[in-house]
S.K.: 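Next up is a structure, given as structure tokens.
Note that the structure is predicted; figures quoted are calculated from it, not measured.
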Amino acid sequence: MVSLTAYAGLRCPEEVLGLEVRHVGRRTVLVEQRNIDGRIIPGQKVKGARPRAVDLAAPVRQDLAEYLMARGRPGERELLFPRHDGGPWRRHDYQNWRRRAWHPTVEAAGVEKLPPYDLRHAYASLQVRAGMPIPDLAEQLGHSPR
């Protein structure tokens with residue numbers, strides 16, 4: 001989840017937790033649905049936006065490959081990050097993950113208050129610094145370049 005937010009710029013939690021295994025390609029991840037409090041909703045956050053293919057950096061591809069192997073190669077229609085019962089995360093599941101896993105990790109790293117969503121902003125900043133054209137970045141992030 002962290003890799004997809006920090007290094008692919010996906011919205012966390014709705015886009016990351018709406019992904020199915022079939023959305024992960026060799027070099028891209030297809031964002032075409034969202035998780036809204038345990039309901040998988042087709043479409044993008046930006047009204048009328050088409051599904052988007054987001055480029056995956058090599059380390060993210062590696063993370064995803066290892067994660068899927070550890071899960072025992074789940075089926076194409078299974079959620080990429082399911083709850084323990086296989087269903088989609090609800091809002092309280094995400095809040096529990098933040099409290100039990102995210103906050104202690106951030107604190108141990110010596111970072112002051114950092115919501116997971118802020119990794120998306122870090123991704124955007126790094127891409128601008130690396131020279132990615134703003135219209136390309138807007139497309140990767142699911143925004144209109146205008």
Side-chain angles (χ1 to χ4, degrees), residues 1-128 132 134 136-145:
M1 288 174 35
V2 172
S3 285
L4 286 168
T5 304
Y7 301 111
L10 269 61
R11 291 177 177 94
C12 188
E14 58 270 1
E15 289 179 349
V16 173
L17 295 177
L19 292 172
E20 295 176 0
V21 173
R22 67 187 172 93
H23 294 129
V24 178
R26 287 185 182 196
R27 299 205 175 273
T28 62
V29 64
L30 180 65
V31 180
E32 66 175 358
Q33 60 191 28
R34 302 174 288 143
N35 178 332
I36 306 298
D37 195 22
R39 291 184 8 247
I40 303 301
I41 308 292
Q44 301 283 317
K45 183 174 185 173
V46 177
K47 199 170 194 157
R50 297 183 323 251
R52 70 184 197 278
V54 177
D55 296 333
L56 295 176
V60 181
R61 291 194 312 262
Q62 174 95 20
D63 286 350
L64 289 170
E66 290 175 10
Y67 170 72
L68 289 171
M69 276 293 239
R71 282 202 46 214
R73 297 185 185 262
E76 292 289 307
R77 289 285 181 172
E78 289 186 45
L79 289 168
L80 187 58
F81 301 105
R83 286 180 0 164
H84 68 280
D85 63 1
W89 286 33
R90 306 267 328 245
R91 181 171 285 123
H92 68 270
D93 298 312
Y94 179 69
Q95 295 302 334
N96 284 339
W97 173 80
R98 284 184 55 178
R99 189 180 73 253
R100 294 176 183 160
W102 177 257
H103 291 306
T105 302
V106 168
E107 191 174 302
V111 177
E112 218 175 287
K113 287 201 176 193
L114 176 75
Y117 193 90
D118 282 3
L119 295 175
R120 177 175 157 85
H121 302 147
Y123 165 80
S125 297
L126 290 170
Q127 295 307 312
V128 167
M132 180 181 276
I134 298 299
D136 294 351
L137 178 59
E139 185 178 320
Q140 288 285 297
L141 292 171
H143 292 286
S144 169

S.K.: Taking C-beta and beyond as the side chain, do Arg61 and Arg26 meet within less than 4.5 Å on heavy atoms?
M.R.: no
S.K.: Answer yes or no: is there a side-chain heavy-atom contact under 4.5 Å between Leu10 and Leu19?
M.R.: yes
S.K.: Kindly give the heavy-atom pair with the smallest separation between Met1 and Phe81, and that separation in Å.
M.R.: N-CZ, 3.5 Å
S.K.: Name the residue from Arg50, Arg52, Arg22 that meets the salt bridge (charged side-chain N to carboxylate O under 4.0 Å, His left out) definition with Glu32.
M.R.: Arg22
S.K.: Give a yes or no answer on whether the side chain of Trp89 reaches the backbone of Pro82 with a donor-acceptor pair at less than 3.5 Å.
M.R.: yes
S.K.: Can you confirm whether His23 sits close enough to Val31 that some side-chain heavy atom of one is under 4.5 Å from a side-chain heavy atom of the other?
M.R.: no
S.K.: With distance as the sole test, does Trp102 use its side chain to make a donor-acceptor pair with the main-chain N or O of Tyr94 at under 3.5 Å?
M.R.: no
S.K.: State which residue, out of Leu4, Thr5, Val128, Leu141, fulfils the side chain to side chain contact (heavy atoms under 4.5 Å, CB included) condition with Tyr123.
M.R.: Leu141
S.K.: Return yes if some donor-acceptor pair links the side-chain N/O of Arg98 with the main-chain N/O of Pro116 below 3.5 Å, else return no.
M.R.: no
S.K.: Quick one: CZ on Arg100 to CD on Gln95, what's the gap to the nearest 0.5 Å?
M.R.: 12.0 Å
S.K.: Which atoms form the tightest heavy-atom contact between Val21 and Leu79, and what is the distance?
M.R.: CG2-O, 4.2 Å
S.K.: Flag yes if more than 12 heavy atoms outside Arg27 fall under 6.0 Å of its CZ atom; otherwise flag no.
M.R.: no
S.K.: Can you give me the closest heavy-atom contact between Arg91 and Asp37, atom names plus distance?
M.R.: N-OD1, 2.8 Å
S.K.: Got Thr28 and Asp55 here, is their nearest side-chain heavy-atom distance under 4.5 Å?
M.R.: yes
S.K.: Mind listing the closest non-hydrogen atom pair of Leu56 and Ala8 along with its distance?
M.R.: CD2-CB, 4.1 Å
S.K.: Answer yes or no: is there a side-chain heavy-atom contact under 4.5 Å between Leu80 and Leu68?
M.R.: yes
S.K.: Of all the heavy-atom pairs spanning Asp93 and Pro88, show the shortest one and how long it is.
M.R.: OD2-O, 4.4 Å
S.K.: Take Arg34 and Arg11 through the side-chain contact (heavy atoms from CB on, under 4.5 Å) test and state the conclusion after the steps.
M.R.: CA-CA 9 Å; Arg34 302 174 288 143; Arg11 291 177 177 94; over 6 Å; no
S.K.: Around Glu78, counting heavy atoms of other residues, nucleotides and ligands shown, do more than 12 lie under 6.0 Å from its CD?
M.R.: yes
S.K.: Can you tell me how far apart CD (Gln127) and CG (Asp136) are? Round to the nearest 0.5 Å.
M.R.: 10.5 Å
S.K.: Can you tell if the side chain of Arg99 reaches within under 4.5 Å of the side chain of Asn96, non-hydrogen atoms only?
M.R.: yes
S.K.: Can you give me the closest heavy-atom contact between Ile40 and Asn35, atom names plus distance?
M.R.: CD1-CB, 4.0 Å
